[in-house]
Every structure is written in C-alpha cells, then in structure tokens.
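All of these numbers come straight from a predicted model, not from anything done at the bench. Every chain is numbered from 1 and lettered A, B, ... according to where its sequence line falls, protein lines coming before strand lines.
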Amino acid sequence: MEHALSLFVRSIFADNMIFAFFLGMCSYLAVSKDVKTSLGLGVAVVFVETITLPVNYLLQVYVLEPLNLGYLSFILFIAVIAAIVQLVEMVVEKFSPSLYNSLGIFLPLIAVNCAIMGASLFMQQRVQLDPENVKAIANIGDAFAYAIGSGLGWLLAIVALAGIREKMEYNDVPKPLQGIGITFITVGLMALAFMCFSGLNI
Amino acid sequence: MALSKKTKEAFLGPLNANNPVLVQILGICSALAVTVQLKPAIVMGLSVTIIVALSNLVVSLIRKSIPTRIRIIIQLVVVAALVTIVSEVLKAFAYDLAMQLSVYLGLIITNCILMGRLEAYAMTNDPWDSLVDGLGNGFGYAWILVVVAFVRELFGSGKLFGLQIIPESWYVANGGFYENCGMMLMPAMALILVGCIIWFHRSINDEKK
C-alpha cells in the first residue's frame, strides 16, 4: 500500500510525464491555449491511461512474458490502446452524451498521445525491477497507482501551462518568438521548477 | 532520374520552410529526450527517417484499399511493425545505444510526424512522392536533433561523440578557468534550446518574405 502511494506521488511530481520525459508534447503544446479545453483533454488522458495501463500490465505479465513474446509488445500495446480508445468513445457516446460532447473531440487524439504509450512502455521496464525499488510495479494495484498518477501529472502540467498562456496573451513578446517559441521557453522554465521535486520520496 | 518539381518540393520543403519540428511542431517528445549526446541523437534521427520513409511508402501503396473508418489502426500497425524491426536490429547490433534510447525507440510509433505525414501526404499521393516526402521530413527532424545534441553535449559535458573537446587543463579542477554547464544536461534546457532555435528560424524566414 505504501509502495503504491509512493509510486502515485512520484509519478505526479518527480517523474512527471511532461517535465521529466517530454511525453505527450505534441497535443500538450497544441491544445494548451485555454484552461477549459486543456482540462477536458487532461481528464480524457487520465481516463484512458487508467484503463489502458492495467490492461497492458496484465498482457505483459500473463501473456508476453510467459510466452517470451517481448518483441511483439509495441504492436500489441498500440493495438490495445487504439482499440480501447475506440471502445471508450462508443461507450461514452451511448451512455453519457453530455460527457461525450465535452470529451468527444479529444478521444481520437489520445490514441497517438505519447504519454499513454510511454506509460505502458515505462511499465514494461518497471515490471522487471526489483520489488524493493521505489520505481518497481509489482502488482496490479501498483499499475493502477502509476496509471492514475502519471495521468494526473499530465493534467496538472497542461492546466498550469494553459493558465500561464492565458495570462501571457497581454505580454509584449518579440515578434518571431510569439506563439510557439515563447511557449517552449515557458515549458522549460516550468520544468526547472518541477525539478525541485526530483528528490521526493515517501 | 529527373525529379519533378513536386518531388523536389516534397524533399526540400521539410528541411527548412516547412520543418516538422520547428514549423509544424510535430515529434517534439523524442526530439528533446534523446539529445543529451550526439550519438543517440543521430541514431534516433536515422531511425525516424527510415521509419517515416518506409511507412509512407507502404501506406501509399495500400492507400486505395484502406477503409477510411479504420485507417488509423491500419497506419498504426504498419508503423508498429517497422518500429519493431528497427528496434530488434538496434538491439542486435548496437545494444548499448538501444538501451540508452530506451522507451523513446518504441515511442517512434506515437511520434506525431509519422501520423501527420501518413494522414496528410501518403494517403493522397503516389508511392514515389511519399517516399521522398518521408525522407525529407525525416532529415528535417534529424538535423534539429543533431543541432540540439551538439550544443548540449559540447557545453554540458565538454565532449562530442564521447570524445573530450575542451582541453582538460582548462577545467577548474586542473587549475584552469572552465566549468561545464550542468544545466545543459537537464531536460529543461532542451526545451529552452528548441525555443531559441524556433526564434532564429522565424526571424530569418520572416525577413525573407
């Protein structure tokens, strides 16, 4: 339990998907223009991450490893992610049209979000670690904790950037640096700030 | 072989005016993460070039028989198969490098450049143009990686390709005046460097217009 909690907190702050590994950068930079939309995308990422990562964990531990099919993992993981995204889209559309309206446009984007695939690949590495290691994922509970944590970390990062960018609208930025240039530098400075969490341990 | 104007444009456009990283802002994730040293950056650049070119070719060849509703999954499978091949080859012949690239090699699958090019170009153009377009975009991506890695390795650890460039006697530890800039090794600096490259690129290209 403690281990799962530590994994959860570390994956939000110290191992943040954006600031430590640059995963999911493309949609992160493209969609972070206002807080509301970025919150929607963030929630969708948390949602899909929480479903796909444990599924991929089970596949890795009970199918790929015993059968020695490790080299198939890329194809299998991406197929699982694409299929689940499609499935989630259909289920949400059927049972909760209002949620579908707010999440709908983001769901297809998420299939190719590196943060989702990246988390599954990190999980694959972490499964092989010694269970005592703070980064190890030893059971399905850990996999859930890691999935929710890294999703929330991504959500936090995109909402924070969107907030800053909304304020920055009024700043006098040099012309060639406007838009994407200054956004990169802002994210760089945010990453510096997040580095203060890197020693975090529970 | 004479190149038509369109083919030339498909190759040269992405190198500068329509660069995938600087202008279209695609494929940033891996561009930042593997650029601490030159060697992994070059290997990554080449792998992406090969995969973009081949997947463009394959998807363009089968584009007429792909049903539009499930095209994304088909594209992903083509890309994933190619990435698996490249990663197995790297593991066989350059194991250390493959380990250094770790998950970022697998993440070529979700590299936005690939999906972007497949959707925007390979689905509507013939195989030869698509192959050239893939090569152009791959090299456009690779040169950014090399520039960022050059700066980070030179200033971050005083080396290029793992060889010491800045003389040992310059270092403070040996009675000199020089100290490596540790900031360059951190993830944050990669973002700021790319931001600055975009700045240069835009100011030069705007002047031309």
Heavy-atom cut-off 4.5 Å, strictly under: side chain, backbone, both or neither for [X] against chain B?
{"X": "A:Gln124", "result": "neither"}
{"X": "A:Ile185", "result": "both"}
{"X": "A:Met190", "result": "neither"}
{"X": "A:Phe19", "result": "backbone"}
{"X": "A:Ala115", "result": "neither"}

Legend entry - Worked check of side chain to side chain contact (heavy atoms under 4.5 Å, CB included) between B:Ile192 and A:Leu189: CA-CA 8 Å; B:Ile192 295 177; A:Leu189 295 176; 4.2 Å; yes

Legend entry - Largest heavy-atom contact set with chain A, pairs under 4.5 Å, which of B:Ser87, B:Ala81, B:Gly106: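 Option with the top pair count is B:Gly106.
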
Could you state the interatomic distance from [atom1] ([X]) to [atom2] ([Y]), rounded to the nearest 0.5 Å?
{"X": "B:Ile198", "Y": "A:Ile180", "atom1": "CD1", "atom2": "CD1", "answer": "6.0 Å"}
{"X": "A:Leu121", "Y": "B:Ile109", "atom1": "CG", "atom2": "CD1", "answer": "7.0 Å"}
{"X": "B:Leu107", "Y": "A:Ile116", "atom1": "CG", "atom2": "CD1", "answer": "11.5 Å"}
{"X": "A:Ile78", "Y": "B:Leu76", "atom1": "CD1", "atom2": "CG", "answer": "5.0 Å"}

Legend entry - For the student: nearest non-hydrogen atoms of B:Ala190 and A:Phe22, plus distance: CB-CZ, 4.4 Å

Inset, instruction - Give the minimum heavy-atom separation between B:Gly195 and A:Phe184, together with the two atoms involved. - result: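 It is CA-CB, 3.6 Å.
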
